[in-house]
Protein chains: 2
Amino acid sequence: MKRKITLKQIARELDVSISTVSKALRNSAEISDDTKQKVQAFAKLYNYKPNNIALSLKNRRTNTIGIIIPEIVHHFFSKVISGVELVANKRGYNVIVGLSNESFSKEVINMEMLANGSIDGFVLSMSKETLKLQDYHHFNETMTQGMPIVMFDRVVSDVNCDKVIVDDFNGAKKAVRKLIDNGCQSIALITTEDYVSVGKLRTQGYLEALEEHGIIPKAELILKIDESLDYEAHMEALESEIEHLFKSNPNLDGVFAVNEIYALLAMKIARRLGHDVPNDVQVIGFTDGVLSKHATPSLTTVSQHAQQMGEKAAELLIDKLEKEFNSADEVFQTVVITTDLVERESTK
Amino acid sequence: MKRKITLKQIARELDVSISTVSKALRNSAEISDDTKQKVQAFAKLYNYKPNNIALSLKNRRTNTIGIIIPEIVHHFFSKVISGVELVANKRGYNVIVGLSNESFSKEVINMEMLANGSIDGFVLSMSKETLKLQDYHHFNETMTQGMPIVMFDRVVSDVNCDKVIVDDFNGAKKAVRKLIDNGCQSIALITTEDYVSVGKLRTQGYLEALEEHGIIPKAELILKIDESLDYEAHMEALESEIEHLFKSNPNLDGVFAVNEIYALLAMKIARRLGHDVPNDVQVIGFTDGVLSKHATPSLTTVSQHAQQMGEKAAELLIDKLEKEFNSADEVFQTVVITTDLVERESTK
DNA sequence: GAAAGTCACGAAAACGTTTTCGTGTTAAAA
DNA sequence: TTTTAACACGAAAACGTTTTCGTGACTTTC
């Protein structure tokens, strides 16, 4: 149970000053070769490593970035973390995670905890509750204290910061176009309430693709799910809504869903009702996760490139951290990650 | 861009000493009510929050726990994190994550980075490479430096620390028993190489369940997958192996797989070959993740209670951190989380 | 009216670094 | 021999806290 060795202990042991030890280890020209050798050998022997906390205090930077997400048990978000971690590590940073659990207050508390010196900047995606309340004061306060924020996926124009988003609008459009090109005439949309920015954009993409082809959108083909509750809780309600969708629209031949779960559920129910996928009904989802790939039939999806989003977000943040901030010409950028349509078995 | 306010600045502004400010904020009896009021009001106005790094340095504890896992884009591990985060936050700790990516050297490097003061203790699951190399020096060194470790899931008896494991042996046994009870006569096992401790235990459970019922295990029914590569890379090879398994054992009527992916693949291939699940072939997997739940037919699995594992691991760690360590009677415990069989549509 | 006690506050050390500046010793230059 | 320069090292401050100890000014007690 011997504590980690410190400069002070090395100094005492070798009968030199702390400064000398520090300089010797950093190969300063001020120190004689003899002393350097001696100190470095001793340090190596005792496996000396500088204390990160002391360094952080001294340098006023922690080389750690904080990431706040609504939920970690979620393919998209964990893949983003994976991307952030990748470039963070490559550039000498650690990653500390906070989960908001889709709750506004947890988001605020978590950010406050981390903002008090623990990290240098944030990569985050807002909770649904925050989006609903439209209360962004904690973001702005954090930023005025000189701590940069990069938002991804769920963003909002009221907050002025770097952003990484997916091209939700065009992704959805591409998907619906595909369905139309494949011969679908009656295409349903399963989406979220509009306060979720990404849901709204995907809905717009759906509408525009229809319009483009002269198809008039019908209200009864659009199902908006209230996601205040989490998936698990209202799975059955969800199922029956989708079932109703199919039953009241017997000639439904295409479904575009704004996430994997909805799409899979649609496939399941379609088949239960005797429709074949993809011959009777074609289905496309959003978010290219494990579910899409391993489903039977596997699901055609719009790929969000989550990992790439994480990497880009981390790069934006670290770039900002390492730029000598001539705070005057602060300029924020929004990076758009283009989506790809990954075609699998659920479409023809 | 105004920096966060410090005690020193408050002191200067109010023309008192730093000590007075500190005491006033902590409501010390040494300070007059007048001064307290004044200081507290000022601190509130400027939203003073003590700097975590300074506190960490002073207290020699960071109130942060490090978690090292092989892979985050994985339902099981992200759920464990979720559990760790839950109790960590509840008890006033932050969580910092490191990914080993199943690599020994990344595991070592990541642990060294965090061990230099950034965290108070580890929750971790070893990489496959570490298990293969059987090199555990980094764990032991970390612990002799007074930094506790709690291992979960992938553990090894050569390392003396607290552990949280799943009852792999009995979980597997229960599953195979279930298949036998359901009338299966010829049950295949799809597992990993033996160096993965959990794979080995689950294999033993399979064998014992068979033996219990007087069934003699046949080598050609056991498929051991070399997982050195990751899933994605050798998916096709895997598929053809499983296909061969079915073809060379035409009367196969049950499959037990040590994870979800293998189980799903088995179902897919079985159906492709014209077998009905569950009427011709029944399938059970391990790891109760999203895939099992959303598959069609949904998969019967052995649930590992990942979140509960994370919670328990965090509790063990924090308990140890907060106990005044009478280092003499250091005692390590191994908590076994019991598994449940979650019955779904892939069994009768 | 002196001794003792209370009150309210400040000085300083400590946590582990890095870095600036000062200083004593020796060697080179004048 | 004296001045200067180079060399090798140490003292101290700083990062932002908390906490121990000391101290001056009053107030109480006999």
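Letters A, B, ... are given to chains in the order of the sequence lines, protein chains preceding strands, and every chain is numbered from 1.
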Q) Roughly how many Å is it from CG in B/Asp34 to C1' in C/dC7, rounded to a whole number? A) 13 Å
(Q) Looking at B/Lys23 and D/dT20, is any side-chain donor or acceptor paired with a base atom of the opposite kind under 3.5 Å? (A) yes
Q: Could you tell me the separation between the CD1 atom of A/Ile18 and the C1' atom of D/dA12, rounded to a whole number of Å?
A: 11 Å
Q) A/Ile165 pairs by side chain to side chain contact (heavy atoms under 4.5 Å, CB included) with which of A/Val335, A/Val336, A/Asp153? A) A/Val336
(Q) Whether A/Thr35 contacts D/dC9 is assessed here as follows: a side-chain N or O lying under 4.0 Å from the phosphate OP1 or OP2. Is that the case? (A) yes
Q: Give me the ring orientation class for A/His74 and A/Phe76: parallel if the planes are under 30° apart, tilted from 30 to 60°, perpendicular past 60°.
A: perpendicular
Q. Expressed in angstrom and rounded to an integer, what is the separation of A/Ile31 atom CD1 from D/dA6 atom P?
A. 18 Å
(Q) Could you tell me how far apart B/Leu55 (CG) and D/dC15 (C1') are, to the nearest whole angstrom? (A) 13 Å
Q.
As a test of reading the structure: which of C/dT19, D/dC15, D/dT17 is closest to the side chain of A/Ser19, going by heavy atoms?
A. C/dT19
Q: Specify the separation, in whole Å, of atom NZ of A/Lys38 and atom P of D/dA8.
A: 13 Å
Q) Is there a donor and acceptor pair closer than 3.5 Å between the side chain of A/Ser32 and the base of D/dA8? A) no
Q) Any ion pair linking A/Arg60 and A/Asp120 (charged N to carboxylate O, less than 4.0 Å)? A) no
Q | A/Thr20 vs A/Lys4, nearer the 5' end of DNA chain C by closest nucleotide | A | A/Lys4
Q.
Students often get this wrong, so: under 4.0 angstrom with heavy atoms, is A/Leu7 touching a base, only sugar-phosphate, or nothing?
A. base
**Q.** Closest listed nucleotide, where the reference is the side chain of B/Arg60 and the choices are C/dG16, D/dT20, D/dT17
**A.** C/dG16
Q: Using atom CG of B/Leu57 as one end and atom P of C/dT18 as the other, report the distance to the nearest whole Å.
A: 13 Å
Q: Write down the distance between CG (B/Asn59) and C1' (D/dT18), rounded to a whole number of angstrom.
A: 8 Å
Q) Does the distance from a Lys or Arg side-chain N to an Asp or Glu carboxylate O, for A/Lys106 and A/Glu129, drop under 4.0 Å? A) no
Q: Measure the distance from CD on B/Glu30 to C1' on D/dT18 and round it to the nearest whole Å.
A: 12 Å
Q: Inspect the contact between A/Glu315 and A/Lys90 and indicate whether a charged nitrogen and a carboxylate oxygen are less than 4.0 angstrom apart.
A: no
Q. Of the nucleotides D/dA14, D/dG16, D/dG22, which one has an atom closest to the side chain of A/Lys58?
A. D/dA14
Q: Determine: side-chain N/O of A/Arg26 to OP1/OP2 of C/dT19, distance under 4.0 Å, yes or no.
A: yes
Q.
Tell me whether the side-chain N/O atoms of A/Lys8 come closer than 4.0 Å to OP1 or OP2 in C/dC15.
A. yes
Q: Would you mind classifying the nucleic acid contact of B/Ser22 as base, sugar-phosphate or nothing, using non-hydrogen atoms under 4.0 angstrom?
A: base
